[in-house]
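Each ligand, and each atom within it, is numbered from 1 in the order the structure gives.
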Amino acid sequence: MSKTQDLLKAREENVPRGPFHVTPFFAAEAKGAVIKDVEGREFIDFAGGIGVMNVGHCAEGVVEAIKDQAERFTHTCFHVVMYEPYVELAQKMNQITPGGFPKKTMFVNSGAEAVENAVKVARYATGRSALIAFEDAFHGRTLLAMTLTSKVKPYKYGFGPYAPEVYRIPYGYCYRCAFGLEYPSCEIHCADYLREVFHTHISAENVAAVMAEPVLGEGGFVVPPNGWHRKIKHICEDNGILYIDDEVQTGFGRTAKMFAIEHFGVEPDIVTTAKSLAGGLPLAGVTGKAEIMDAPHVGGLGGTYGGNPLACRAALAVIETFEKENLLDRAETIGQKVMDRFKKMEEEHEIIGDVRGIGAMVAMELVKDRATKEPAKDETGQLVKKCYERGLITISAGTYGNVMRILMPLVITDAQLEKGLAILEESLGEIV
Ligand SMILES: Cc1ncc(COP(=O)(O)O)c(C=O)c1O
């Protein structure tokens with residue numbers, strides 16, 4: 001038996017089936033945009049551990065910072081003995097997140113935990129309980145985050161009852177408009193629909209926050225029409241509702257701006273971050289207007305590991321790497337290349353129903369028929385498998401599992417990018 005077969009057997013015997021895996025191999029080491037497995041095979045990484053590795057695997061500055069911190073101390077718990085990297089990173093986050101007002105930041109361990117804490121803060125600050133989320137949204141797997149999430153299988157199925165006081169409206173998903181309208185003649189009716197909800201579902205005075213991804217991540221890289229975020233934000237402002245911008249997947253340079261909401265001219269009240277924030281270490285942030293973040297009482301927020309010193313040092317190194325290596329410009333270049341190639345593939349392959357994206361957050365939605373837009377879920381699964389067999393790691397997305405999304409490290413070389421795209425195109429040719 002090969003080492004991989006041994007490990008797969010051990011995995012099956014010891015790890016429940018719930019935690020899924022996209023590829024059937026085990027990593028031994030990784031650098032930049034390449035992962036080497038335990039058999040010595042190399043794979044180009046178009047997934048980045050689900051959008052975590054924007055600065056690349058084992059980025060030099062990040063590894064050095066982690067090593068240096070590991071030799072000093074690894075944990076004191078910020079609530080017991082404070083440390084400088086937490087405060088320094090909070091200061092940085094307050095500077096780089098959108099919004100020209102005083103801000104404060106706290107740290108937790110995962111995207112879901114950031115979402116939960118953003119809601120705690122919003123509820124406390126407004127004295128209101130209800131939340132508005134969107135169809136096709138993904139906000140994590142803890143009880144409240146899962147409730148805010150829209151996709152039933154596999155995320156919610158069998159795990160109810162869900163948390164109360166979450167209401168939902170369609171996202172600005174033009175390719176599959178819930179109202180059967182077309183942009184721009186629709187005048188972004190889907191955003192105005194929020195006002196309807198205040199008559200049909202929940203009074204605006206009871207709503208603490210709207211929770212929105214600036215671009216849908218797990219929901220299929222859906223970029224809402226220009227003006228959608230602004231409309232939603234205006235409705236929030238009219239009604240004393242806070243706007244929580246969930247940047248867990250879109251953040252840290254993926255869209256060629258540090259935060260995707262910057263593309264849409266909106267200053268959120270609260271921003272949640274995780275994934276590429278700390279270059280692979282578990283860290284998440286909740287950044288918001290100072291007076292909102294300061295609302296909860298002392299001791300009302302926190303956690304044993306939140307803002308672990310290794311993770312904070314890694315995040316500081318990530319921010320430095322972005323500046324030093326000009327990764328926002330690189331995201332723009334990569335995005336343009338991928339978009340051009342995907343558009344060309346769309347001309348040649350009927351199975352591609354839509355190509356969309358912003359910066360280096362690009363996707364193709366696969367359909368069985370362009371007229372009916374019936375999702376091509378099985379075909380998308382086959383595409384992921386064929387890519388893997390040729391040495392390219394990819395992951396799908398979308399409520400119907402029919403979107404091929406691209407989340408490669410932004411340090412990918414031109415040659416690796418070209419090779420990865422060629423594999424994708426070749427594999428697509430076989431599906432069709
Ligand atoms: C937008 C968004 N919010 C929250 C989460 C949850 O993050 P985590 O898996 O770190 O809990 C994700 C994860 O994919 C996400 O994409």
Side-chain angles (χ1 to χ4, degrees), residues 18-22 47-54 97 106-120 122 131-151 154-156 159 163 166 168 171-173 209-224 229 243-255 258-261 264 268 270-287 303 305-308 311 314-315 318 357-361 363 395-399 401 403 405-407:
F20 75 112
H21 51 93
V22 176
I50 322 191
V52 170
M53 304 311 302
N54 285 358
T97 47
M106 63 170 284
F107 295 107
V108 286
N109 305 292
S110 67
E113 217 187 327
V115 164
E116 298 265 349
N117 278 279
V119 170
K120 281 172 74 173
L131 303 166
I132 306 275
F134 294 91
E135 281 170 18
D136 305 298
F138 184 87
H139 298 289
R141 293 171 181 268
T142 53
L143 179 61
L144 179 57
M146 171 183 72
T147 304
L148 287 161
T149 290
S150 165
K151 187 170 173 174
Y155 304 129
K156 301 175 81 153
F159 296 129
V166 173
R168 197 177 300 285
Y171 195 78
Y173 188 174
V210 164
M211 170 78 67
E213 292 164 89
V215 175
L216 292 182
E218 300 300 308
F221 283 20
V222 175
V223 186
H229 281 288
Y243 191 86
I244 304 174
D245 170 35
D246 184 354
E247 294 269 1
V248 167
Q249 188 153 163
T250 49
F252 273 79
R254 176 50 45 188
T255 70
M258 211 56 178
F259 302 96
I261 198 71
F264 301 101
I270 299 176
V271 179
T272 52
T273 47
K275 291 196 185 275
S276 274
L277 161 63
L281 266 71
L283 182 69
V286 184
T287 304
Y305 289 113
N308 169 271
V318 164
I358 185 162
M361 192 167 181
I395 41 170
S396 61
T399 298
V403 177
R405 63 174 148 170
I406 301 298
L407 284 168

> Is it true that atom OH of Y305 has more than 12 heavy atoms of other residues, nucleotides or ligands lying nearer than 6.0 Å?
Replying inline: no
> Near S110, which atoms of ligand 1 are under 4.0 Å from a heavy atom of that residue?
Replying inline: 10 (O), 11 (O)
> Under 4.5 Å between any side-chain heavy atoms of E247 and I261, yes or no?
Replying inline: yes
>> Ignoring hydrogens, what is the shortest heavy-atom contact between I50 and E218? Give both atom names and the distance.
In response: CG2-OE2, 3.7 Å
>> Exactly one of Y173, F134, Y171 should register a side chain to side chain contact (heavy atoms under 4.5 Å, CB included) with P224. Which one does?
In response: Y171
>> Which residue and atom name correspond to the protein heavy atom nearest atom 3 (N) of ligand 1, and how close is it?
In response: D246 OD2, 2.7 Å
> Do L131 and T147 come close enough that some side-chain heavy atom pair is under 4.5 Å?
Replying inline: no
> Which residue owns the protein heavy atom closest to atom 5 (C) of ligand 1, what's the atom, and how far is it?
Replying inline: V248 CG1, 3.7 Å
>> Give the atom numbers and elements of ligand 1 that come within less than 4.0 Å of a heavy atom of G111.
In response: 6 (C), 7 (O), 8 (P), 10 (O), 11 (O)
> Atoms of ligand 1 less than 4.0 Å from E213 heavy atoms?
Replying inline: 1 (C)
>> Under 4.0 Å and counting heavy atoms only, is there anything from the protein next to atom 9 (O) of ligand 1?
In response: no
>> Counting C-beta onward and ignoring hydrogens, is there a side-chain heavy-atom pair between T273 and F259 closer than 4.5 Å?
In response: yes
>> How far is atom 16 (O) of ligand 1 from the closest protein heavy atom, and which atom is that?
In response: Q249 NE2, 2.9 Å
>> Under a 4.0 angstrom heavy-atom cut-off, which atoms of ligand 1 come close to E218?
In response: 14 (O)
> How are the rings of H229 and F264 set relative to one another: parallel (under 30°), tilted (30 to 60°) or perpendicular (over 60°)?
Replying inline: tilted
>> Under 4.0 Å from a heavy atom of A112: which atoms of ligand 1 are those, numbered in the order shown and with their elements?
In response: 6 (C), 7 (O), 8 (P), 11 (O)
>> I'd like to check whether K275 has a polar contact with ligand 1, where a contact means an N/O of the residue lying under 3.5 Å from an N/O of the ligand.
In response: yes
